[in-house]
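For reference, the structure is listed below as structure tokens.
For this chain, numbers begin at 1 and follow the sequence in order.
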Amino acid sequence: MFTINILFVITFCIRLYTLSISIRNEKNLIAKGAIQYGKTNSILLSIAHIVFYFCAIIEANIRHATITTLSLAGLVILFFAIVMLFVVINQLKDIWTVKLYILPEHKINDSFLFKYIRHPNYFLNIIPELIGLSLLCHAQTTACYGLPIYAILLFIRIRQEEQVMAPLRI
């Protein structure tokens, strides 16, 4: 149980660090005239992410979860997700945020990752992150209820991104 709690704290701290990157980038984007889209959905996604994290660790502690093959598989998936998060941040650089901002002269990222994988932050980071965390924590109930709710919010976010970026792809 102790090991899962420590791994959770490490993961949560990494996420707090990436949030600090997002906040810094957001301030710079606003200063450059960027417009935020999907504000309500961004708030709901943030809440869902935090609630998912804490429900997973609470469930782990209630279940007295220990490291098993399942939790190790979750840790591998979680590690992959975190690596991909930093790859995405590196690719997007100063325009990466957890919110949806578009600059007046916004350029579409055409790197290999973004050219061949639509929405890599969601499909290579967030979804694997939540699956990995729930497996690590043996949080079946959290996954059962949390993943569908998060999927709906993520679907809305992807539609919003597609709508605001469509004119930029021409």
Side-chain angles (χ1 to χ4, degrees), residues 1-26 38 41-93 95-100 109-162:
M1 185 69 252
F2 178 74
T3 305
I4 290 175
N5 283 322
I6 293 297
L7 292 169
F8 174 85
V9 168
I10 291 168
T11 303
F12 190 72
C13 287
I14 291 168
R15 277 316 237 153
L16 287 176
Y17 171 71
T18 61
L19 182 60
S20 74
I21 294 170
S22 175
I23 291 168
R24 181 184 69 228
N25 289 345
E26 181 181 347
N41 193 57
S42 290
I43 291 167
L44 293 174
L45 275 168
S46 295
I47 291 168
H49 210 86
I50 293 165
V51 169
F52 193 98
Y53 258 70
F54 284 104
C55 285
I57 197 61
I58 289 167
E59 190 172 346
N61 282 282
I62 288 170
R63 292 178 185 272
H64 303 289
T66 59
I67 296 294
T68 63
T69 304
L70 184 67
S71 55
L72 289 175
L75 184 59
V76 169
I77 294 168
L78 191 55
F79 180 76
F80 168 80
I82 290 169
V83 168
M84 291 314 301
L85 173 60
F86 282 99
V87 169
V88 168
I89 291 170
N90 184 54
Q91 291 281 310
L92 292 178
K93 302 200 183 324
I95 64 167
W96 180 84
T97 69
V98 298
K99 298 176 183 174
L100 177 54
N109 188 307
D110 62 353
S111 68
F112 178 84
L113 182 64
F114 284 85
K115 187 175 181 178
Y116 293 103
I117 301 171
R118 197 79 158 202
H119 306 286
N121 191 54
Y122 307 135
F123 295 114
L124 299 178
N125 165 242
I126 292 178
I127 294 170
E129 174 186 348
L130 298 178
I131 291 170
L133 184 68
S134 60
L135 291 173
L136 172 67
C137 294
H138 297 267
Q140 295 93 333
T141 304
T142 300
C144 182
Y145 292 102
L147 288 174
I149 292 168
Y150 205 98
I152 292 167
L153 296 171
L154 202 53
F155 176 76
I156 293 167
R157 165 56 71 84
I158 289 169
R159 281 191 31 219
Q160 290 170 336
E161 278 190 25
E162 290 294 329

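- Separation of atoms NZ (Lys93) and CD1 (Ile21) is listed at 12.0 Å; rounding is to 0.5 Å.
- The side-chain heavy atoms of Trp96 and Asn90, taken from C-beta on, include no pair separated by under 4.5 Å.
- Here the CG atom belonging to Leu70 is positioned 10.5 Å from the SG atom belonging to Cys137, to the nearest 0.5 angstrom.
- The shortest distance between side-chain heavy atoms of Phe2 and Ile6 falls below 4.5 Å.
- Ring geometry for Phe86 against Tyr17 counts as parallel: the plane angle stays under 30°, on a 0 to 90° scale with 60° as the upper cut.
- Ser42 places none of its side-chain heavy atoms less than 4.5 Å from the side chain of Val98.
- The side chain to side chain contact (heavy atoms under 4.5 Å, CB included) search around Arg159 returns Phe155, not counting sequence neighbours.
- Atom CG of Leu16 and atom OG of Ser20 lie 8.5 Å apart (nearest 0.5 Å).
- In this structure, Asn25 contributes its side chain and Thr97 its backbone to no donor-acceptor pair below 3.5 Å.
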Worked verdict on Ile57 versus Ile4 for side chain to side chain contact (heavy atoms under 4.5 Å, CB included): CA-CA 8 Å; Ile57 197 61; Ile4 290 175; 4.2 Å; yes
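- Between the CD1 atom in Ile89 and the CG atom in Leu85 there is a gap of 4.0 Å [rounded to 0.5 Å].
- Side-chain N or O atoms of Asn41 include one that pairs as donor or acceptor with a backbone N or O of Leu153 at under 3.5 Å.
- Shown here is Tyr145, whose OH atom has no more than 12 heavy atoms of other residues, nucleotides or ligands within 6.0 Å.
- Atom CG in Leu45 sits 7.0 Å away from atom CD1 in Ile126 (nearest 0.5 Å).
- Every residue two or more places apart in sequence or in another chain that forms a side chain to side chain contact (heavy atoms under 4.5 Å, CB included) with Gln140 is listed here: Glu59, Arg63, His138.
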Criterion side chain to side chain contact (heavy atoms under 4.5 Å, CB included) on Asn121 and Leu92, from CA distance to verdict: CA-CA 10 Å; Asn121 191 54; Leu92 292 178; 6.0 Å; no
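- Listed here is the closest heavy atom pair of Pro148 and Ala143: CD-O, 3.6 Å.
- Within the 4.5 Å cutoff, no side-chain heavy atoms of Leu124 are placed close to those of Val88.
- The aromatic rings of Phe8 and Phe12 sit parallel, their planes meeting at an angle under 30°, below the 60° perpendicular limit.
- Listed by chain and number, the residues in a side-chain hydrogen bond (donor to acceptor under 3.5 Å, both in side chains) with Tyr122 are Arg157, Glu161 (sequence neighbours excluded).
- To the nearest 0.5 Å, atoms CE (Met84) and CD1 (Ile127) are separated by 13.0 Å.
- Residues Glu129 and Tyr53 are in side-chain contact: their nearest non-hydrogen atoms beyond the backbone lie under 4.5 Å apart.
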